[in-house]
**Q** 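Take a look at this one; I'll ask things after.
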Amino acid sequence: MKKTERVNLIMRYINNRAHFTIAEIQREFKISRATAIRDINEIQEMGFPLTSEPGRGGGYFVMKNQYLPAARFTPEELKAIFISFIASKNSQLPYLQNRRSITEKLIGIASQTQQDELIELNNILLFENTNPANPNLLELDDAAPAELNQLISLAVRDKHLRVTYELSLGWPQLLDVFLLHIFNSNAQWLVEVYDFDTDEFRYLPVAMLRDSVISEQEMKWTELEILNMKLLRARESNLVVKLDTVGIQRFKRMHPPGIILSLTGMFQSSGVFNVQLDVTDAETLAYYADWLLFLGKGVEYKRIPDELRLLLEERLVALRFC
């Protein structure tokens with residue numbers, strides 16, 4: 001039994017009791033004393049109103065008049081939650097491996113009329129990642145990378161991590177990093193980190209990470225210093241591009257990993273992004289030239305390396321003679 005599932009079952013078990021002991025939890029769920037204590041501590045951290053009493057005959061008590069209130073949703077709120085949930089099909093979101101149990105809980109708090117409406121909503125609503133021939137089908141890529149949940153759980157406690165990065169199968173690298181962001185780009189989960197060993201900001205595919213843990217090394221820089229370094233490097237970017245509405249829509253369809261578009265105009269009418277390009281990397285320059293042309297005629301270059309500008313001019317000349 002997975003930990004999340006076990007903790008949920010323990011919560012249901014103690015919610016129906018005014019008093020219980022660690023020994024009872026051990027027997028009921030066939031777990032060790034240490035595991036039972038860890039699970040109870042986690043439940044308390046989630047806000048469950050428990051008090052402990054040491055000594056013989058002691059144990060845990062649910063605080064009087066402090067039972068967790070039952071959730072109450074209006075019909076519109078319930079629809080909003082349900083629609084948001086079914087829209088996540090095939091989106092590789094974290095923590096959705098228990099999709100069936102979450103759906104059952106949502107249905108369980110609804111009245112019969114609301115249940116009928118929710119089922120009908122599931123039948124008539126189709127989202128971008130839904131298979132219209134079989135809306136209930138979950139594609140093979142529905143699950144997020146295995147390491148994603150672990151990264152999120154660690155990062156909310158401490159962003160200084162040691163990760164195993166396996167760029168090539170069988171060639172793992174241990175990295176001491178500071179995690180800045182976890183994000184989804186072009187249907188791929190990436191983690192933005194500052195690598196203490198190389199003094200570089202990097203974007204690593206979560207699917208290539210293994211065995212993430214909180215680092216035991218001393219941080220070379222403070223979080224504020226790292227953020228200031230990132231801001232300084234962004235200001236020094238050699239490619240700064242402004243997009244119109246067409247460019248924004250095409251940017252959303254496809255863009256290199258790690259680029260963040262800042263919307264600057266009303267109603268998302270304009271946006272700006274910046275990149276620090278290695279002008280000695282011919283392959284990267286060629287990729288950016290093709291991609292920038294894809295963004296449309298409304299691209300405005302605030303700053304651009306001469307090497308990339310020449311390449312774009314060559315591409316445009318070639319297109320005129322095609």
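As the structure is a computational prediction, the values presented were derived from the model and not from experiment.
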**Q** How long is the straight-line distance from CG of L9 back to CD1 of I25, given to the nearest 0.5 Å?
**A** 10.5 Å

**Q** From L293 CG over to Y288 OH, what is the distance, rounded to the nearest 0.5 angstrom?
**A** 14.0 Å

**Q** What I'd like to find out is whether the side chain of F196 reaches to under 4.5 Å of the side chain of L175, using heavy atoms alone.
**A** no

**Q** To the nearest 0.5 angstrom, please state how far the CG atom of L154 sits from the CD atom of E147.
**A** 8.0 Å

**Q** Side-chain contact test, heavy atoms from C-beta onward, threshold under 4.5 Å: evaluate it for F294 versus R253 and give yes or no.
**A** yes

**Q** Which atom pair, heavy atoms only, marks the closest approach of L78 to Q114?
**A** CD2-OE1, 3.8 Å

**Q** How far does CG of L167 sit from CG of L204, to the nearest 0.5 angstrom?
**A** 9.5 Å

**Q** Kindly say whether V240 contributes a backbone atom to a donor-acceptor pair with the side chain of S237 at under 3.5 angstrom?
**A** no

**Q** Do D176 and L161 come within less than 4.5 Å of each other through their side chains, counting heavy atoms only?
**A** no

**Q** Are V213 and V193 linked, directly or through other ILVMFWY residues, by side chains that come within less than 4.5 angstrom of each other?
**A** no

**Q** Please collect all salt bridge (Lys or Arg N to Asp or Glu O under 4.0 Å) contacts where either partner lies in residues 188-197, sequence neighbours excluded, each pair once.
**A** E192-K230, D195-R202

**Q** Any heavy-atom pair between the side chains of H181 and V191 that's under 4.5 Å?
**A** no

**Q** Is the distance between the ring centroids of Y13 and F20 under 6.0 Å?
**A** no

**Q** Which pair of heavy atoms, one from R210 and one from E166, lies closest together, and at what distance?
**A** NE-OE1, 3.4 Å

**Q** Set out, in order, the CA-CA distance, both residues' side-chain angles and the distance that settles side-chain contact (heavy atoms from CB on, under 4.5 Å) for I10 and F29, then state yes or no.
**A** CA-CA 8 Å; I10 292 175; F29 296 95; 3.6 Å; yes

**Q** Measure across S269 and I248 and return the closest heavy-atom pair with its distance rounded to 0.1 Å.
**A** C-CD1, 3.9 Å

**Q** Are F183 and L180 linked, directly or through intermediate hydrophobic residues, by side-chain heavy-atom contacts shorter than 4.5 Å (ILVMFWY only)?
**A** no

**Q** Quick one, M219 with I226, criterion side-chain contact (heavy atoms from CB on, under 4.5 Å). Give me CA distance, side-chain angles, the key distance, then yes/no.
**A** CA-CA 10 Å; M219 281 182 56; I226 292 171; 4.1 Å; yes

**Q** Taking NZ, NE, NH1 and NH2 as the nitrogens, is one of them in K302 or E300 under 4.0 Å from a carboxylate oxygen of the other?
**A** yes

**Q** Does V177 belong to the same Ile/Leu/Val/Met/Phe/Trp/Tyr cluster as M229, with side-chain heavy atoms less than 4.5 Å apart forming each link?
**A** no

**Q** Donor-acceptor pair, distance only, cut-off 3.5 Å: does the side chain of R162 make one with the backbone of E216?
**A** no

**Q** May I have the step-by-step check of side-chain contact (heavy atoms from CB on, under 4.5 Å) for L151 and V206, ending in yes or no?
**A** CA-CA 9 Å; L151 276 174; V206 175; 4.0 Å; yes

**Q** Give the cluster check for L239 versus Y287: same hydrophobic cluster or not, with ILVMFWY residues linked at side-chain heavy-atom distances below 4.5 Å.
**A** yes

**Q** Got a second to check how far E225's CD is from T222's OG1, nearest 0.5 Å?
**A** 3.5 Å

**Q** Mind running side-chain contact (heavy atoms from CB on, under 4.5 Å) on L118 and K79 for me, showing each step along the way?
**A** CA-CA 7 Å; L118 295 180; K79 287 175 186 173; 4.2 Å; yes

**Q** Assess the pair F273 and H255: is the distance between their ring centroids shorter than 6.0 Å?
**A** no

**Q** Given 3.5 Å as the limit, does a donor-acceptor pair link the side chain of N238 with the main chain of L277, or not?
**A** yes

**Q** Decide yes or no for D39 and R6: does some side-chain heavy atom of the first lie under 4.5 Å from some side-chain heavy atom of the second?
**A** yes

**Q** Using atom types as modelled and distance alone, determine if a side-chain donor or acceptor of Q249 lies under 3.5 Å from a backbone N or O of V246.
**A** no

**Q** Between A155 and L179, what is the shortest heavy-atom contact and its length?
**A** CB-CD2, 4.1 Å

**Q** For the pair K220 and D199, find out whether any cationic side-chain nitrogen is under 4.0 Å from an anionic carboxylate oxygen.
**A** yes

**Q** Could you tell me which non-hydrogen atom of A80 sits nearest to which non-hydrogen atom of S84, and how far apart they are?
**A** O-OG, 2.8 Å

**Q** Does any part of the side chain of T35, heavy atoms only, come nearer than 4.5 Å to the side chain of Q26, both counted from C-beta?
**A** no

**Q** For the residue pair F251 and W291, does the interplanar ring angle fall in the parallel (under 30°), tilted (30 to 60°) or perpendicular (over 60°) class?
**A** tilted

**Q** Kindly work out whether a path of hydrophobic side-chain contacts (I/L/V/M/F/W/Y, heavy atoms less than 4.5 Å apart) joins V163 to I152.
**A** yes

**Q** Identify the heavy atoms of T264 and G271 that sit nearest to each other, and give their distance.
**A** OG1-N, 3.7 Å

**Q** Less than 4.5 Å apart, any side-chain heavy atom of I43 and any of V7?
**A** yes

**Q** Side chain of Q150, backbone of S212: donor and acceptor closer than 3.5 Å?
**A** yes

**Q** Flag the pair I260 / N274 as yes when at least one side-chain heavy-atom distance between them is below 4.5 Å, and no otherwise.
**A** no

**Q** Is atom CZ of R33 surrounded by more than 12 heavy atoms (other residues, nucleotides or ligands) closer than 6.0 Å?
**A** no

**Q** Measure the spacing between CD of Q268 and CG of L261 and express it to the nearest 0.5 Å.
**A** 9.0 Å

